[in-house]
2 protein chains.
Amino acid sequence: MSIKERKELEKSEMRGLILNTAMNLFLDKGFENITIRNIAEKIDYSPATIYLYFKNKDDILFTLRKIGFEKLYEHQVSSLKFDDPLKRLHRQGKTYIKFALENPEYYDLMFIMRGAVARTLDINNCDVGLDSYELLKKNVKECMDEGLFPRTDIDVAAFALWSYVHGIASLIIRGVGIMFPEEGINDIIEGSLNFMLKFDDHKNRNKKKLDLSNKQKTTGENI
Amino acid sequence: MSIKERKELEKSEMRGLILNTAMNLFLDKGFENITIRNIAEKIDYSPATIYLYFKNKDDILFTLRKIGFEKLYEHQVSSLKFDDPLKRLHRQGKTYIKFALENPEYYDLMFIMRGAVARTLDINNCDVGLDSYELLKKNVKECMDEGLFPRTDIDVAAFALWSYVHGIASLIIRGVGIMFPEEGINDIIEGSLNFMLKFDDHKNRNKKKLDLSNKQKTTGENI
DNA sequence: TCAATAAATGAACAGTGTTTAGTTATGAGC
DNA sequence: GCTCATAACTAAACACTGTTCATTTATTGA
């Protein structure tokens with residue numbers, strides 16, 4: 001039995017070696033420029049060997065994706081020691097963007113690349129990948145329970161918030177940053193987060209003035 | 001001269017034919033599955049002929065990208081006949097998402113694919129592609145001028161809004177919709193847009209109550 | 001030591017984007 | 001009409017890609 005265990009260990013070590021090597025190469029040159037032969041050469045094996053440990057190239061990407069989701073989840077939980085759920089949510093957003101910008105290749109793999117999200121969230125149903133989303137929903141729910149949010153469908157609210165941070169992250173990763181002057185990207189992230197949060201403060205401050213002056217009622221009309 | 005003109009016309013017609021055929025094939029089977037040979041075969045030419053009209057495959061994608069930006073811009077201006085800049089902005093957002101979901105292959109090409117945004121907004125500086133963004137900035141500025149927005153850096157505000165709609169569009173395009181129940185995606189879009197807009201209404205309504213009761217001042221603290 | 005199993009590979013297959021040498025069509029000048 | 005330069009086009013190849021499979025090499029239990 002011990003020898004069988006060793007075999008299995010070696011097998012999983014080999015898988016780890018391949019995954020590690022692949023990711024390092026990806027980080028270095030980008031997915032589209034890395035081939036199975038590159039990976040094999042780097043670890044001094046023949047290309048065919050790779051296929052003894054992974055069904056195909058997509059299987060490697062898929063596995064790395066799962067690792068990415070685990071990494072993201074770790075980032076998320078580690079920075080969630082705030083009592084106020086709104087603060088927690090804000091921090092979660094910043095952590096999310098931070099993860100994306102510090103691990104752009106992972107983020108690409110997980111959320112931008114074709115077939116990334118769907119394949120992970122579908123096939124691997126209720127497994128990793130949904131964890132971070134559940135965390136988000138939990139925070140959203142608490143915000144609603146504490147009256148910090150309007151009470152709407154939790155999925156919709158979570159989706160809206162996710163969309164926002166995903167939009168920021170993916171645009172920056174795709175190089176939209178070059179449109180801005182030399183001052184760091186961080187100001188833009190912080191600024192845009194603040195803008196979104198202050199947005200309605202301002203709007204309502206105006207509206208409040210009106211309310212007080214001529215008792216205008218909020219109609220809730222779709223703008 | 002007339003004959004030279006005809007030649008040039010034929011040349012541009014051939015380019016158009018290639019682009020059209022390529023895009024139709026892309027729409028049908030997705031980029032990653034379409035080859036130069038596919039395109040050539042469809043129009044009954046040899047693969048080598050394609051290279052007489054386009055430098056390489058990326059050149060085709062790049063040109064289609066430019067066409068996509070023109071299409072987007074048309075969509076944007078056509079639906080901007082509102083007087084209220086905030087309404088205009090809201091409509092622009094909805095139009096943007098509509099364009100993305102109705103032309104997912106174009107949108108992918110323009111904003112999601114690797115090298116999409118940067119290459120288009122950089123190389124083609126001050127040309128197409130920036131038009132829509134300038135339109136957005138113009139609207140943002142007007143909103144600020146009319147006091148509907150807090151006065152912040154226009155680029156930051158525009159980036160925040162763009163991020164939001166891009167996030168929605170790209171997540172849905174990547175198949176996040178499957179996470180939601182059977183009811184249409186439209187409800188989610190509308191809902192999440194409304195959520196973001198109502199967000200602070202609600203928050204401030206609460207805050208207002210507090211303000212009135214114990215004169216608490218808005219600190220502007222970073223949450 | 002020997003058969004059986006596992007691990008690794010060389011060589012090939014079908015496909016890709018791209019280049020180049022060579023062929024075919026076109027239009028101008030005689 | 002006939003030449004001839006120019007333009008349009010292509011067959012064939014090149015260097016790649018992901019992937020498979022027959023074959024070889026290494027490891028193990030009897």
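Order of the sequence lines fixes the chain letters, A, B, ..., with proteins taken first and strands second; residue numbering starts at 1 for each chain. Remember, predicted model here, so these are calculated numbers, not experimental data.
The list of side-chain hydrogen bond (donor to acceptor under 3.5 Å, both in side chains) pairs with a residue in residues 33-44 of chain B, not counting sequence neighbours, reads B:Thr35-B:Asn38.
Between B:Asp108 and B:Arg174, at least one side-chain nitrogen of the basic residue sits less than 4.0 Å from a carboxylate oxygen of the acidic one, meeting the salt-bridge criterion. Electrostatic pairing of B:Lys138 and B:Glu134 does not count as a salt bridge here, judged by no charged N lying under 4.0 Å from a carboxylate O. Between B:Glu105 and A:Arg114 there is a salt bridge, since at least one side-chain N of the basic residue sits less than 4.0 Å from a carboxylate O of the acidic one.
If you measure from atom CG of B:Leu61 to atom C1' of C:dG17, you get 12 Å, rounded to the nearest angstrom. What separates CD1 of A:Ile50 from C1' of C:dG10 is a distance of 16 Å, to the nearest Å. The interatomic distance linking B:Leu52 (CG) with C:dT18 (P) rounds to 13 Å, in whole Å. If you measure from atom CG of B:Asp59 to atom P of C:dG17, you get 14 Å, rounded to the nearest angstrom. The NZ atom of B:Lys57 sits 8 Å away from the P atom of C:dT18 (whole-angstrom rounding). Taking atom CG of B:Asn56 as the reference point, atom P of D:dC14 lies 22 Å away to the nearest angstrom.
Within a heavy-atom distance below 4.0 Å of DNA chain C, the residues of residues 30-46 of chain B found are B:Ile34, B:Thr35, B:Ile36, B:Arg37.
Residue contacts for A:Phe54: at a heavy-atom cut-off of 4.0 Å it reaches no nucleic acid atom on any strand shown.
Close to D:dA8, at under 4.0 Å from its OP1 or OP2, lies a side-chain N or O of B:Lys11. The side chain of B:Tyr51 contributes no N or O atom lying less than 4.0 Å from OP1 or OP2 of D:dC9. At D:dC9, one or more side-chain N or O atoms of B:Tyr53 fall inside 4.0 Å of OP1 or OP2 (strictly under the cut-off).
The line from CG of B:Asn56 to CZ of B:Phe62 is 11.5 Å long, rounded to the nearest 0.5 Å.
The minimum heavy-atom distance between B:Ile34 and B:Gly30, with the atom names listed, is CG1-O, 3.5 Å.
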